[in-house]
Amino acid sequence: MRVRSSSRLAVILKLTTLQTLYSTDHPGLKKRDELEDMLEERRRSSDARHALRCYAPAVYKGLAPREVSALRGAVLQSDALQHVIGQVSAECGERRELVQEEAAHLLDEMAHRLRLGTVRFFAYVLSKVFKTLFRSVRVNEEGVQRLQQAIQDHPVVLLPSHRSYMDFLMMSYILYTYDLALPVIAAGMDFMSMKVVGEMLRMSGAFFIRRSFGGDKLYWAVFSEYVKTMLRTGYAPIEFFLEGTRSRTGKSLTPKTGLLNIVMEPFFKGEVFDIHLVPVSISYDRILEESLYARELLGVPKPKETTSGLLKARQILREDYGVMHVYFGHPVSVRSLAQGRVKRSQYNLVPRHIPQRPCLAAQALVGEAAFRLVRLQEQAMVLRPWTLVATLLLQNPDGMDLPVLEEQAAWLRRLALSFGAFLDWPGRTCRPVVGAGLALHKNLARVSGGRVRLAVAETPGVGQTAEELAFDRAVGVLSCASYRNQILHVFIRPALLSVALRTANSSRKDEVYTCFNFLWTVFSNEFILCPGASVQDFEEACYLLGKCCAVQESQQDIVMSEGGHATLAFLRALLDPFLQGYQVVCQYLCKETEENLRENKFVPAARNFALQLILAGTLKCYEALSSDLQKNALAALVQLEAVTKVKV
Amino acid sequence: MASNTDISERQRIAARRLRVVAGHLQKCVQGEGAGVSAQACKTETPRSSPAKATSVPKRRQDIMKWNGWGYSDSRFLFNKKGQGEFTGKRYRLSGMILPSLKDWFEATFGTSLQHKTPATPTLNVSAVPPPNLVEPFVEELKVAGVAASHDPEGRVFRSHGHCLHEIFALREGRIGRVPDLVVWPNCHNDVVKIVELACKYNVCLMPYGGGTSVSSALECPLEETRSVVSLDTSQMNRILWIDEKNLTVHVEAGIIGQDLERQLNESGYCTGHEPDSMEFSSLGGWVATRASGMKKNIYGNIEDLVVHIKMVTPRGVIEKSCQGPRMSTGPDIHHFIMGSEGTLGVVTEVTMKIRPLPEYQKYGSIVFPNFQQGVSCLREVARQRCAPASIRLMDNEQFQFGHALKPQVSSIFTSFLDGLKKFYITKFKGFEPHHLCVATLLFEGDREKVLQHEKQVYDIAAKFGGLAAGEDNGQRGYMLTFVIAYLRDLGMDYYVIGESFETSVPWDRVLDLCRNVKERIVRECKERGVQFPPFSTCRVTQTYDAGACVYFYFAFNYRGLADPLHVYERVEHEAREEILANGGSLSHHHGVGKLRKEWMREAVSTVGLGMLQSVKEYVDPNNIFGNRNLL
């Protein structure tokens, strides 16, 4: 590639070293552990005995011999917290004791109260629930063993993907079942409002943090010291969600770095020898919140978490949610991440309890690590055949003949595998697999007369307006899209390249790269694209498309090869809803006459704009209605400085 | 009137001497085990030494090993029964059987006594490169009456310190660059003459004191093409005067620690400066490396002890014009000299503070349930500024190491007592044998004050779960200090190589630093293919107001490694990186030498390094003192 300037070369070099570093932690995409059904044992023996069995997990070898109740005191009396309390009391003129009391109050509001009794109760109930909901829960036991070793050697941070409320219940349940130390889990404050359940979650290891506490120095200090104290003492593995919230779309969300910063700091400051970050990929055949999510994306507010709401949700127990997969990734050592990148001696000159803004290198490292970890989650996410079927159905809204669908699914399977997808495809034949997927998701797809199509209403029902019909359809499409989205990470780079090949003025690599880079930047909020890695992503895309014979590369050019049409067309179609959706947002912003658009007005207005286009028949893409897409588009436009945010 | 004061003065001195004598007598009266002498740990020199007793002959190789630590007659070995044994007559441990040494050794390093790696027995003189002599220089030296020799054995002896790689190479019979000539000045004026001639003939001078350097400071720089002359200060070893009114002593800088202390003791005084190497290291060496003594809590480190220094440089002699106890005359020029590591000149004479010999000495030890509690206790002792003459905290591994050196017990009763003690600590007090650690103590002073002081320290210890564990354990801890260097030679007979290194660190980081460095060592060894987990242990050896000095021992079994020395050097390098990353200093008292030069800029900043370089450029523009240490 000719465009490589020296600085870019430097970037590439840096990236390749990083890549080799990661590849040691993540040995190739081919070799993955076997998955075992952990519910099998539960179906054979007594749940009560399981709940009451002797639970004696291996703990961190450096675990400071201290009482569990001493944790609270250790946090409140810590130098770091005392320092901030002093500062706050000086700043707002409060008496120190009052601020101290406030800190204690915040801590009590936040802290978990892990009780083995509650854990056992959950173990019993969840055994019943999971057995009803899932046909099986498959776990990579080698990963569990690795985790067990890691827990003994170092403080461990568990980083599961977040698609459902089930995630953290399942995590704790698995760790209990395999006799591993139970994690303490950072949970959103939302649960606290569920009176009984909130308390029970607390007693099973959840601690609650406010969604936003940007300016609250004291809250931040209590919170970060609480987490760090647990980490330093090896009290328990810490678990939190890098994505910050449940992904409503099935795609991974751009990671939040706040908590990751906190958990990595004890290493930077030399308070622990190392910290191991363990990405965990949790995937579902069917997500419990499936249609709830679609509705949320269309602007129906999320139902508030209440205990009675939970009881009403019992009906979901009657449905079949297929198989659940949990894959524990290789632990990533913070020490090896930081090797040669962060000078720990920068902390030598200030007492460590005084908060210090991390240096740029550390910030960059944390940001990069966050993306890499989410990528690791994505790569180890077990993909089911249904995700391929959903992809195909969305590309053919008029439906497909079943044999064609099967044939296409087989083709797509080969493509996905050659791109390194972690596809769980039982057997070699296509028909039963596609059939099983369709049966499980009969609410989303319908087979009639040998033709398969999305299960969306064609004509308005009785008393249904055109708008309501469009809304219903959109729910169907978005639900289906949430499965397609699960596999997008496999195709995203080649897909961006396919579009770039079409839009570029010539086949010269540098021009193709310019187009690729533009798309890459535009979609950097939509997909997990590691910041600064566009060159690497471009090369990966070229490699993958070359590997499946869709393109041919020469020294300077990159062109579609003879038989590459189908692949490239498919990949372009994959991005099409996003391109259309972003275009709609742009159209809307151009038409919007009001000088100062309020941010909270943007999503409803943009949705309404898209809805009008759909009703007028000029727009066929229902995904343009998704608030997630609209927000991402806006964020991209802000980044590209096409839109500016102003504080009023 | 004058005579009156003289008389009262004389009476005062007499009274003090009496007290000292009484103190010594008292110890004897107390009977076995109660009052062991601190001196007992070190070499016991024969009583019948001549007035000008010196332990260092010009031909050092006659009494000392050419390829190992210390005296030729003293060494560890495993006898035919496989029991550990320490030969010779010089030390308390000499001639004793150490029954648990073998088991500890084999279990710790995974070695077997079957697999030996014996050293080359004698120096192959033909392997020594011929000397590169500047004839007129040698001639003029002869005229000036300065002793000189280019005997290969003597030159090899002065071509190294005691870093692992230096000794390892000698044991394998590998000889690198060695000095071309050894000279022995007798006094300050000899040194002036030598330096003048060296400047005249552009000869490279390398001062050599005790030869105990562990920083590669004595290695001849490979890039040095000039004739290299080792300037051995050992014959400048007289005490020139003692000033009892000001309590100072003026000494030639070549004197070694044990001679200085013994000769002062005969007059009822001591300097109290006792670095672990004091049997062999010299006063000039202490000044040149900023040495630290075990009893610095009472007497201070070398920078606190020195009142006046005379140094010969290529520019001339540097010294202060008076002996005032403190001055405000710009930056203290002594601080250009102390730590200069032989790069600026030769320290020839030093005036040092002295103290009356303490009337009473007492060892002690405290067992803590874990290292953390021990460190907390030391921190509290430092906070209250009540540290005894010496207080050291060994971690669990080192505690067990100390136990392995327990001599055969003489009676059933003692072993019964030991068992009882162990039972009390582990079962009754619930100390975990694999976590507990021991602090060793040495108290000095008036008998009453010592007892009072002892109580204060033990009271503090009790607050941190510490139990007094007897004088014997304490004494054994200090003994370890003097014999550990001999133990390394034993290890090297059986595929085990090791080294110690030190740092200083603020109190709040002591625990983190110790844990991280020890773990880093284990990790790096594993990654580099060391088959058996290494011995990685530390102790806190000094306490200060704002921090502590930490000492690491690290050794491993190198069977199966293609290049053990390289592995060793990488691991030590990584350990030092870890120390610096955890807020530790580049060195507390070993110095920088050539071994740690790469970190100097980071340690003192670019401007700081430039300052030192500009001093070097002024004082020694032609790099006559070309050992290339430090900068």
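In what follows, every chain begins at residue 1, and chains take the letters A, B, ... in the order their sequences are listed.
Contact check on Glu578(B) versus Arg344(A) returns a salt bridge, with a Lys/Arg side-chain nitrogen under 4.0 Å from an Asp/Glu carboxylate oxygen. Using a cutoff of 4.0 Å between basic side-chain nitrogens and carboxylate oxygens, Lys61(A) and Glu519(B) are scored as salt-bridged.
Counting only distance, with no hydrogens or angles, the side chain of Asp508(B) and the backbone of Pro351(A) share no donor-acceptor pair below 3.5 Å.
Minimum interatomic distance between Arg523(B) and Phe273(A) (heavy atoms only, all atoms of both residues): NH2-CE2, 3.4 Å. Glu271(A) and Arg515(B) make their closest contact through O-NH2, 2.5 Å (heavy atoms, listed as atom of the first residue, atom of the second, distance). The minimum heavy-atom distance between Leu580(B) and Asn348(A), with the atom names listed, is O-ND2, 3.2 Å.
The part of Glu602(B) that comes within reach of chain A is its side chain, from C-beta onward, which places non-hydrogen atoms under 4.5 angstrom from that chain. Contacts of Phe268(A) with chain B are absent, with no heavy-atom separation under 4.5 Å from either backbone or side chain. The part of Lys343(A) that comes within reach of chain B is its side chain, from C-beta onward, which places non-hydrogen atoms under 4.5 angstrom from that chain.
Rounded to the nearest 0.5 Å, atoms CG (Asp512(B)) and CZ (Arg232(A)) are 9.0 Å apart.
Within a 6.0 Å radius of NE2 in His435(B), other residues, nucleotides and ligands contribute 12 heavy atoms or fewer. Residue-environment remark: NZ (Lys526(B)) stays at or below the threshold of 12 foreign heavy atoms within 6.0 Å.
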